[in-house]
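These numbers come from a predicted model, not from an experiment.
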Amino acid sequence: MGKDTNVLNADFFREYPVISSGKGIYMYDENGVEYIDGASGPILCSLGHGLTEMGDVLKEQAVKLAFAHRDDCVTPILREACTKVCEFTNGDMEKVFFVCGGSEANEIAIKLVREYHLDRGNPGKYKIISRWQSYHGSSMGVLSISGFTKRRSGYEPYLSEFGHIPPAYCYRCWFGREAGKCNFECAQALENEILCQGPETVAAFIAEPISGMSLCGAEPPVGYFKKIREICDKYDVAFIMDEVMTGVGRTGKNFAYMHYGVVPDLVSMGKAVGGGYFPLGGVACTAKFYNEMYQNKGSFPPGYSWSGNPLGAAVTVKTFEYLAEHNLVDHVAKMGEYLKSKMQALSTHPTVGDVRGRGLMIGMEFVTNKETKEPFDPKVKLSLQLNREALKRHMLIESSSGCNRGQSGDQIMIGPAFIINKEQIDTIVDQLDQVITTVEKNNGF
Ligand code: PLP
C-alpha cells in the first residue's frame, strides 16, 4: 500500500495497493503479495495478465508502423482486424470502425446513425432513446444516453435528454410483473416513447444485451429483444447493441446478441476486443445499414486522431487468434455456468437477494429482507464495504450502488479473465463467501 503523490486517484483519501505485475488471473504488488483479479479490472482483461505474445505483437507493430492516419491511408493490419471482427459476428456485420474505448465506440455509433438518417433524407431523426439503469460511457454524449443515475449525478447541466425507458430488470420489475409471466411491458415502453417523442424525430435505440455495472448482469426476459427489434423496424429506428462489456466472448457466445436470436444494426464493443492489452473499442454495422450510407452520401468523416491505429489493430488480430487457438468462448460458457452455480449457492446468506448474469459476468444484489427486497440504507455503503473487505483478503471485485432507481441498491460483479479454471473459481467464491459473512456480521446479520 502507498499514498500516491502525482496520481489523481478516484478516492483522494484512500491508500491504494501498488500493483506492479500480473500473471493470468493474479496481480502482484511491489512486495510480491498476490491479489486475485476477480473482475479482470472493470470486466476487461479478458485474456489474463502477462501474456508475452501480446507484448511481442505490440513491440513488432510499433517498430514496423506505430501510426497511420485514417484520413490519409489504410493499413493491412487494420483490414485484417476489421475482417476478424466481422468473421466473429458470423457475417452479421460488414464494416468496422475502430476507436480507443467503449465511450468513443458509442459516440461513433450515435454519429453513424445520425449520418444514416441524414443520408436517407430524414434530417428530423436525431434522438437516441435508451434505458434507465444503463451505462454507455463517460463522455458527455454517451453519458447523456446512459441511465446510470449515480454516474450522471453532478454532470446533468451538460447532458441532453432524448428519452429513457424502464430497464429490463426482472428482479425489481418496474411494472410489478413476475419474470416469465409478463407481456414485455418494458419492451412495449419503447413503442410508447417513440410515439410520444414523434417517430420522425427518433434515430436509434441503444441497449446493453446483458446489463453491466448499472444492474450487474440483469438479463431481459426471453423474447424481449425480438419485440424491441420489431418496434425499431416499424418506426425506422436503428438498433444499437452496446456490447462494450458483453462482447468478444464475455457471455459465452461471440457476442451477447447471439443469445437472443436478433441481429442489431450496429454493435459497439470495447474492453475484450483488445484482450486487456491496448485501449480499444469499435463499432460494427450490417451490410444493409452500410449500403444505405454508401448509396447516398458515401462518406463518414468523423473520428479521433487514434481511430484505427495499427497498434490497436495488431492487438485485436492477436486477441481473436488467441481466443480461437484456446477455444476460449466455449470455455467461458462452461466456466460461466460453473461460476453462476457456485455463486447461486451463496444465496443461503441472509442478504443475497439475487444472482444473475451469463458467462463470466455474474452479478449479485444484496437486500436487508429477501421477501420485500428491501435494499440497504445507502448510508451503509454496503457495496463499498464488500469491495473493501474483498481487497483486505487480496481479491479485486467490481461493485456498484443505485440499482434501485438510482437511489439505493447494492451489487457486486465477478468477471474474471476467460482463462480461469474451476479451482480458481472455487477460490474466488470461497473468498466471496467469507467476505459476505464478515460484512453481514459487521452490519448485524
Ligand atoms: N458501455 C458499457 C456497456 C460499458 O460497460 C462501458 C464501461 O464500463 C462503456 C460503455 C464505456 O467504456 P469505456 O470505459 O471503455 O469508455
Which of parallel (below 30°), tilted (30 to 60°) and perpendicular (above 60°) describes Y28 and Y26? tilted
Between S383 (side chain only) and D410 (backbone N and O only), is there a donor and an acceptor less than 3.5 Å apart? no
Once rounded to the nearest 0.5 Å, what's the spacing between atom CD of Q385 and atom CD1 of I436? 12.5 Å
Do R114 and D119 sit within salt-bridge range, that is, some charged N less than 4.0 Å from a carboxylate O? no
Would you compute the distance between atom CD1 of I129 and atom OG1 of T201 and round it to the nearest 0.5 angstrom? 7.0 Å
Does the pair D265 and R229 meet the rule for a salt bridge (Lys or Arg N to Asp or Glu O under 4.0 Å), with working shown? CA-CA 10 Å; D265 301 299; R229 178 75 267 186; 2.9 Å; yes
Please check if the side chain of S144 supplies one atom and the backbone of S160 the other of a donor-acceptor pair under 3.5 Å. yes
R356: which of E365, E219, Q344 passes side chain to side chain donor-acceptor pair (under 3.5 Å): E365
Check step by step if side chain to side chain contact (heavy atoms under 4.5 Å, CB included) holds for L51 and K318. CA-CA 11 Å; L51 283 180; K318 189 69 194 170; over 6 Å; no
Nearest heavy-atom pair of A238 and V113: which atoms, and what distance? CB-CG1, 3.6 Å
Other residues, nucleotides and ligands only: do more than 12 of their heavy atoms fall within 6.0 Å of CD on E321? yes
Carefully, step by step, assess S139 and E104 under the rule side-chain hydrogen bond (donor to acceptor under 3.5 Å, both in side chains). CA-CA 8 Å; S139 51; E104 286 188 6; over 6 Å; no
Does a donor on one side chain and an acceptor on the other come within less than 3.5 Å for N106 and S268? yes
The reported gap from CD1 in I428 to CD1 in I397 (rounded to nearest 0.5 angstrom) is 10.0 Å
Donor-acceptor pair, side chain of N9 and main chain of F12, under 3.5 angstrom: no
I'd like to know if E161 and R152 make a salt bridge, using a cut-off of under 4.0 Å between side-chain N and carboxylate O. yes
Measure the OH-CG distance between Y155 and L143 for me, rounded to the nearest 0.5 Å. 8.5 Å
Test item: side-chain donor near acceptor, E191 and Q188, under 3.5 Å: yes
Side chains of residues 207-216: which donor-acceptor partners sit under 3.5 Å, not counting sequence neighbours?
from : atom 1 : to   : atom 2 : distance (Å)
E208 : OE1    : G212 : N      : 2.8
E208 : OE2    : Y135 : N      : 3.0
S214 : OG     : Q133 : O      : 2.7

Where is the tightest heavy-atom contact between R172 and P375, given as atom of each residue plus distance? NH2-CB, 4.0 Å
Looking only at atom types and distance, does a side-chain atom of K381 sit under 3.5 Å from a main-chain N or O of S401, one as donor and one as acceptor? no
Polar contact flag, side-chain donor to acceptor under 3.5 angstrom, S40-R250: yes
Could you check if a side-chain atom of V332 sits within less than 4.5 angstrom of a side-chain atom of T251, using non-hydrogen atoms only? no
How would you list, by chain and number, every residue that makes a side-chain hydrogen bond (donor to acceptor under 3.5 Å, both in side chains) with H331, sequence neighbours excluded? none
Show me, pair by pair, the donor-acceptor contacts under 3.5 angstrom made by side chains of residues 413-421, not counting sequence neighbours?
from : atom 1 : to   : atom 2 : distance (Å)
N421 : OD1    : E423 : N      : 3.2
N421 : OD1    : Q424 : N      : 2.8

Proximity of F67 and W306 rings by center, below 6.0 Å: yes
Evaluate side chain to side chain contact (heavy atoms under 4.5 Å, CB included) for W132 paired with I165, printing each intermediate quantity in order. CA-CA 6 Å; W132 285 114; I165 64 168; over 6 Å; no
Which atom of G50 lies closest to which atom of Y277, heavy atoms considered: N-OH, 3.1 Å
Determine whether the side chains of Q197 and Y235 contain a donor N or O and an acceptor N or O closer than 3.5 Å. no
V352 and M364 have their tightest heavy-atom pair at CG1-CG, 3.8 Å
Dump the intermediate steps for side chain to side chain contact (heavy atoms under 4.5 Å, CB included) on E34 and H394, then the final yes or no. CA-CA 7 Å; E34 188 175 271; H394 297 157; over 6 Å; no
With a 3.5 Å cut-off and sequence neighbours excluded, list the donor-acceptor pairs that the side chains of residues 75-89 form with protein atoms.
from : atom 1 : to  : atom 2 : distance (Å)
T75  : OG1    : L78 : N      : 3.2
T83  : OG1    : R79 : O      : 2.9
T89  : OG1    : C86 : O      : 2.7
T89  : OG1    : D92 : N      : 3.3
T89  : OG1    : M93 : N      : 3.0

Looking at K334 and D330, does any basic side-chain N land under 4.0 Å from a carboxylate oxygen? no
Distance, nearest 0.5 Å, that separates CZ of F320 from CG of N254: 8.0 Å
Extract all donor-acceptor atom pairs below 3.5 Å that involve side chains of residues 284-299 and protein atoms in other chains or at least two apart in sequence.
from : atom 1 : to   : atom 2 : distance (Å)
T286 : OG1    : F289 : N      : 3.1
N291 : ND2    : A287 : O      : 3.2
E292 : OE1    : R120 : NE     : 3.1
N296 : ND2    : E292 : O      : 2.5
K297 : NZ     : E115 : OE1    : 3.4
K297 : NZ     : E115 : OE2    : 2.9

Regarding H259 and R358, do their side chains bring together a donor and an acceptor under 3.5 Å, going by distance alone? yes
Answer yes or no for K422 and Y338: cation-pi contact, defined as NZ/CZ to six-membered ring centre under 6.0 Å and angle to ring axis within 45°. yes
Would E389 and K392 pass as an ion pair if we require N to O under 4.0 Å? yes
Excluding sequence neighbours, so at least two apart, what forms ring pair (Phe, Tyr, Trp, His ring centres under 6.0 Å) with Y224? none
Kindly compute the distance separating NE2 (H49) from CE (M27), expressed to the nearest 0.5 Å. 4.5 Å
